[in-house]
Amino acid sequence: MPQKIAIIGGGVAGLTTGYLLSDSYDVTLFEKDNRLGGNVYTLDTKTGEAIDITVFFYSPMQYPNFFKLLLKLGIKSTTRPMEGCSQSFQNLKTKQAYYLNCDPMRITSTLHPRNFRALFYQGIVFWNYYKGMRMNNEGKFHGLILKEALRFLPGLKGDVLKMAIFPICIMTSMLWDELMEAPAEFVFNKIEKQCGSIKKFVSWRLYPCKTRTYVEKLAAPIREKIILNANIKSVSRFNGDVIVKMADEKEQTFDKVIFACPADTALKLLEQPTDEEKRLLGAWKYKDGLVIVHTDKSSYPSENLWGLYSYLYTEEDGKINTSINAHYRFQKGVPRNSNYIGTQHPNIDIDKNSIEFQKVFRTPIYDINSTETIKALPSLNAQMGTYFCGSYFGYGLHEDAVTSAINVSKMLGADWD
Ligand SMILES: Cc1cc2nc3c(=O)[nH]c(=O)nc-3n(C[C@H](O)[C@H](O)[C@H](O)COP(=O)(O)OP(=O)(O)OC[C@H]3O[C@@H](n4cnc5c(N)ncnc54)[C@H](O)[C@@H]3O)c2cc1C
């Protein structure tokens, strides 16, 4: 009889463990939502378009495990690097704007005079990223938050600073103020990991298939034992067993349980957590980020100036607040005349009649307390039959979620190599 294992959470981390352990364990996956995928969402619009409203960027170079997983699932990637890589930055009050286009496929826009100032500014951004990475590697940012470290990078100011920080808001799903309080080491390590060399930078690609393709393929081997709308009350460890108790008081006993849900949820569910679990999981806070998919173009520059992302920001009394707006027409497989825009952290009025979808996505906040735990998190695994994984084991990206899931699965005997 195979051992019984429960997975709590049906995001990419939980699904990856389920997929890798399905051959050797009797796997049950509990998901509290009415769908699988967690922060991965493919939307079918009224006009028949399939749009990935969250994850649609990846890089084979920085996502080796995720890329290998896609290959195992039979999903091939054939996109051109950097396609659709263009951005615009607009002050909502003054209407001052920059359009930045580095897309080799749209060379006429790239060479247009209006692009020159933005390209010049981008040059300063990259130079300061490199300077920051160097100083970080020399240990100069140790113990500093980003706001403090920026004093060592005087070239990053005014509009150049915004062009440097807004893309990091995308990479972390964090707001300007939250990023300024994040450890500078974390921010520059992340920049180094993702765009630390020209090769790394140009290896970014738009996603080749809809994300639901891999969600469905990962779920297939355990499909019969996936429980949606699961309302778990508690998880307790007793005499070598792990007991999952539901809100209706029904209990199921497992040999092992994998928490693939947010860290704060795992801690809440665990009965009698150890001091180390309290310390490491308790350090994580999460934020609820709203994404609205709509077709209201009234706040945006004219369509010929649309890029993959528009940052629409306000600046009052030194406080900067930006929305991140994805123009899905630049996404692979979406028609080039698509009018759909995805607004994350909305700070603009959006015509209610134009809204087709909205959802809150929970993402980890990387502050001084939480980032300090990352190295120690794997030490929580295999204690009294419980295991943990998720994107908070790294930089919050797919690669981190998948890598942590692979590590847990390998500890439980799964074959990965
Ligand atoms: C707008 C947006 C854009 C993003 N873009 C990118 C991108 O381009 N590239 C990239 O790499 N990453 C991106 N990310 C990050 C992405 O979220 C992570 O890469 C990854 O999807 C996180 O996976 P996870 O399995 O760790 O967590 P989640 O996806 O959060 O999954 C956790 C699951 O646990 C479930 N759960 C919670 N509580 C319980 C409970 N009590 N019982 C049972 N189940 C529970 C949740 O419902 C959820 O399904 C983006 C995120 C957002 C929000």
Side-chain angles (χ1 to χ4, degrees), residues 6-18 28-41 43 51-59 62-63 65-67 167 169-174 190 193-194 204-207 211 214-215 218-219 226-235 244-247 257-270 284 286-293 308-309 323-326 328 331 342-346 358-366 377 388-405 408:
I7 300 165
I8 301 178
V12 70
L15 288 168
T16 301
T17 55
T28 303
L29 187 146
F30 296 94
E31 166 54 54
K32 86 160 181 352
D33 214 341
N34 61 1
R35 55 172 280 278
L36 293 172
N39 280 350
V40 169
Y41 203 111
L43 172 72
I51 290 176
D52 278 322
I53 58 170
T54 50
V55 181
F56 54 98
F57 256 115
Y58 79 104
S59 152
Q62 277 90 263
Y63 286 43
N65 282 324
F66 178 57
F67 199 63
C169 291
I170 294 189
M171 293 191 247
T172 53
S173 290
M174 282 162 66
K190 188 170 171 72
K193 188 172 184 298
Q194 289 179 219
W204 282 95
R205 285 151 201 250
L206 290 179
Y207 204 78
T211 51
Y214 63 77
V215 167
L218 285 170
I226 291 177
I227 299 167
L228 296 177
N229 302 307
N231 192 353
I232 300 175
K233 184 175 175 190
S234 65
V235 177
V244 176
K245 189 192 261 189
M246 311 305 287
V257 167
I258 301 171
F259 289 91
C261 52
D264 60 345
T265 307
L267 185 59
K268 225 161 52 197
L269 291 178
L270 259 177
W284 288 89
Y286 283 74
K287 69 186 294 234
D288 288 340
L290 177 63
V291 177
I292 299 181
V293 179
L308 181 60
Y309 286 108
S323 55
I324 296 165
N325 302 274
Y328 294 123
Q331 189 177 104
T343 300
Q344 188 181 8
H345 308 142
Q358 49 187 317
K359 184 169 167 59
V360 166
F361 293 91
R362 281 197 93 212
T363 48
I365 294 184
Y366 287 84
L377 283 171
F388 302 84
C389 59
S391 66
Y392 66 99
F393 273 64
Y395 290 92
L397 296 172
H398 252 36
E399 178 67 7
D400 305 303
V402 166
T403 301
S404 64
V408 161

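Atom set for the values below is all heavy atoms of this structure, side chains included, hydrogens, waters and symmetry mates excluded. Every number for a ligand or one of its atoms is a count from 1 in the order of the listing.
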Using a 4.0 Å heavy-atom cut-off, say whether [X] meets ligand 1 through its side chain, its backbone, both or neither.
X      : answer
Phe361 : side chain
Leu397 : both
Glu399 : neither

[X] versus [Y]: any side-chain heavy-atom pair under 4.5 Å?
X      : Y      : result
Asn65  : Glu399 : yes
Thr403 : Phe393 : no
Val291 : Phe361 : yes
Val12  : Tyr214 : yes
Ile292 : Gln358 : yes

Does [X], backbone or side chain, put an N or O under 3.5 Å from an N or O of ligand 1?
X      : result
Thr363 : no
Asn39  : yes
Ser391 : yes
Val291 : no
Gly390 : no
His398 : yes

Inset, instruction - Examine the side chains of Asp400 and Ser391 and answer whether a donor and an acceptor come within less than 3.5 Å of each other. - result: no
Legend entry - Asp52 side chain to Thr211 side chain, donor-acceptor N/O pair below 3.5 angstrom: yes
Counting from 1, what ligand 1 atoms have a heavy atom of [X] closer than 4.0 Å?
X      : answer
Ser173 : 51 (C), 52 (C), 53 (C)
Phe30  : 43 (C), 44 (N)
Gly9   : 33 (C), 34 (O), 35 (C), 44 (N)
Gly11  : 25 (O), 29 (O), 31 (O), 33 (C), 49 (O)
Ala401 : 23 (O), 26 (O)
Pro262 : 37 (C)
Cys261 : 34 (O), 36 (N), 37 (C), 38 (N)
Tyr63  : 9 (N), 10 (C), 11 (O)

Heavy-atom contact check, 4.0 Å cutoff: does [X] meet ligand 1?
X      : result
Gly289 : no
Ala230 : no
Tyr392 : no

Inset, instruction - Kindly indicate whether a cation-pi arrangement holds for Lys32 with Phe30, taking the cut-offs as under 6.0 Å to the six-membered ring centre and within 45° of the axis. - result: no
Inset, instruction - Give, for atom OG1 of Thr363 and atom NZ of Lys287, the distance between the pair rounded to the nearest 0.5 Å. - result: 5.5 Å
Inset, instruction - Measure the CG-CG distance between Leu36 and Leu29 for me, rounded to the nearest 0.5 Å. - result: 6.5 Å
Inset, instruction - Kindly determine whether Phe66 and Leu397 satisfy side chain to side chain contact (heavy atoms under 4.5 Å, CB included), including the steps that lead there. - result: CA-CA 10 Å; Phe66 178 57; Leu397 296 172; over 6 Å; no
Legend entry - Neighbour count >12 (heavy atoms, 6.0 Å) for atom NZ, Lys268: no
Inset, instruction - Would you check, one step at a time, whether the test side chain to side chain contact (heavy atoms under 4.5 Å, CB included) holds for Tyr395 with Met171? - result: CA-CA 9 Å; Tyr395 290 92; Met171 293 191 247; over 6 Å; no
Inset, instruction - Tell me which one of Val55, Asp264, Leu228 gets a heavy atom nearest to atom 14 (N) of ligand 1. - result: Val55
Inset, instruction - Please work out which of Gln62, Lys359, Lys32, Glu31 has its closest non-hydrogen atom nearest to atom 48 (C) of ligand 1. - result: Glu31
